[in-house]
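Chain letters run A, B, ... following the sequence lines, proteins first, then strands; residues in each count from 1.
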Amino acid sequence: MKGIRHQLEGMADMDSKLEAFEREALIHLATLLRAAGHMLPSRQEAEDVVQETYLRAWKHFHSFERGTHCRAWLFRIMINVINNERNKQSRRPETALEVKDDSDLPQNLVFIFNPLERIEGSELLETFDLLTAEHRTVLWLVVVEEFSYREVAEILRVPMGTIMSRLHRSRHELRTLLSMKQKNQRAHGS
Amino acid sequence: MFNCAEVRELLQLYLDNELDGRATLATQKHLDSCRDCTRLLGTFMSQDQRLRQAAQAEPLETATVRRRILEVLHHSSAPLKRRWVFLPLPLRLMGALASVIVAVFLLWRIGGLSWWGENTYAAVTSDHAAHCAETNVMDTIADPNQLRQIARVYGNLNAVPDLSSLGYAHPRGRLCTVKDLKFFHVVFYRSGEQPLSLFLRPHAAKVISEGLITRVQDKYTVLSFSRAGIDALIVSPLDPQQTTAIANAVAAQLENHSVTGTKKNG
């Protein structure tokens, strides 16, 4: 009888653990899926990575300190999953665009991107997806997810100085791509 | 007060609220009187804001993924005991007896090494013997570039292991299939001796166990290990001690040339 009661208590513990997991971790599903969609080449890969992320998070939920930053913790797991997948597939590292600094461009092009000029959200995201995976990741974590530099450094396991330089390059590259896009649109009257 | 060059260095940190109070005030003071820097800041602020808005407004369907995740979690959480405890005693006893019988059979059949592993040693030995004979040399490739290509695709290596320091030269290689798995097979030659074979493939746990295992198969020493994400089997005409020395040389090169670079003990 004692054994059966212990089994039933165990089942109740598991149910409450699942509830806690749904409450604390699963609420970030949309956030992770959206980010993965822009860090990976396809929707299917993004879904697989997010599923694997949650499976790992579930396995280690006992070690997660409730009330602390669950979203950052999940992102750290997801980045590990993505890196493991990339290593398995032996993808070549991408090289950043060659635009190094503003002096590469005609000076008027630097300010050609008029912040008030309408650009569709979908066009902006399409242009964003042209950045390298490394730049997309850091820009997404800082700008969209609004993590601090320290949090991003912990998620990506790189020094803060690396975060800052990647962020600088990625913002610059996105600005350059958007400026070129706008210049082309004006030239073709669209 | 900061000048334009200094502010441009700090603009990103200012934008992301990563500056301390003093630097923030100094930057703000400069921006209050510098149109160019203010425009540049405005450009980045607008870009960030638009990116954030576009990302958050992007339509997203999560129901399917959520359902799959919950199914997996429920399945992984369901303890076997939950079903076990409600079975009648006779059935539980029969289940325990069946488990014991299976365990005894496996121990007897396997003898500490996987069934797959036992047969692999025999298979690579016979493959080695078949391809070292003079008549079969033409089955193998000698061109270094082609060998490097095969090494990369099937062996997960950026270079073919080089045993020239041990007196082995002019390797010849091929792609072979052993137990339905593809291996990069390299044959090394040393003057006055029978050739030596190296079989390489990306690590699979069921193929090769992690530790160094040495067997004597027919008249050969067969040695296996796993290093840097690559499984390796050596079929050698030499004794186990000499073959182990060769294995150490190969292992060091696997660490240097592995495509994945994952280090495991071997």
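How far CD of B/E9 is from CE of A/M164: 9.5 Å, rounded to the nearest 0.5 Å. B/Q12 CD to A/R171 CZ: the interatomic distance, rounded to the nearest 0.5 Å, is 5.0 Å. Here the CZ atom belonging to B/R50 is positioned 15.0 Å from the CZ atom belonging to A/F128, to the nearest 0.5 angstrom. With rounding to the nearest 0.5 Å, the separation of CG in B/L60 from CG in A/L29 is 8.0 Å. Once rounded to the nearest 0.5 Å, the distance linking CD of B/E18 with CZ of A/R150 reads 8.5 Å. One distance of note links CG of B/L73 with CG of A/L26; it measures 7.0 Å at 0.5 Å rounding.
Within the 3.5 Å criterion, the main-chain N or O of A/V144 finds no donor-acceptor partner in the side chain of B/R52. Using a distance-only test at 3.5 Å, with no hydrogens or angles considered, a donor-acceptor pair links the side chain of B/Q47 to the main chain of A/R175.
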Pair A/E22-B/R66, salt bridge (Lys or Arg N to Asp or Glu O under 4.0 Å): steps then yes or no: CA-CA 10 Å; A/E22 282 190 63; B/R66 185 187 171 87; 3.4 Å; yes
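Side-chain atoms of A/Y54 and B/V72, non-hydrogen and from C-beta on, never get closer than 4.5 Å to each other. Between A/V142 and B/D48, every side-chain heavy-atom pair lies at or beyond the 4.5 Å cut-off. By the 4.5 Å heavy-atom criterion applied to side chains, B/L70 and A/L18 are not counted as neighbours. In this structure, the side chains of B/D16 and A/L167 come closer than 4.5 Å at one or more pairs of heavy atoms.
Residue A/E145 does not touch chain B at all, counting heavy-atom pairs closer than 4.5 Å.
The closest side-chain donor-acceptor pair between B/R68 and A/Q51 falls under 3.5 angstrom.
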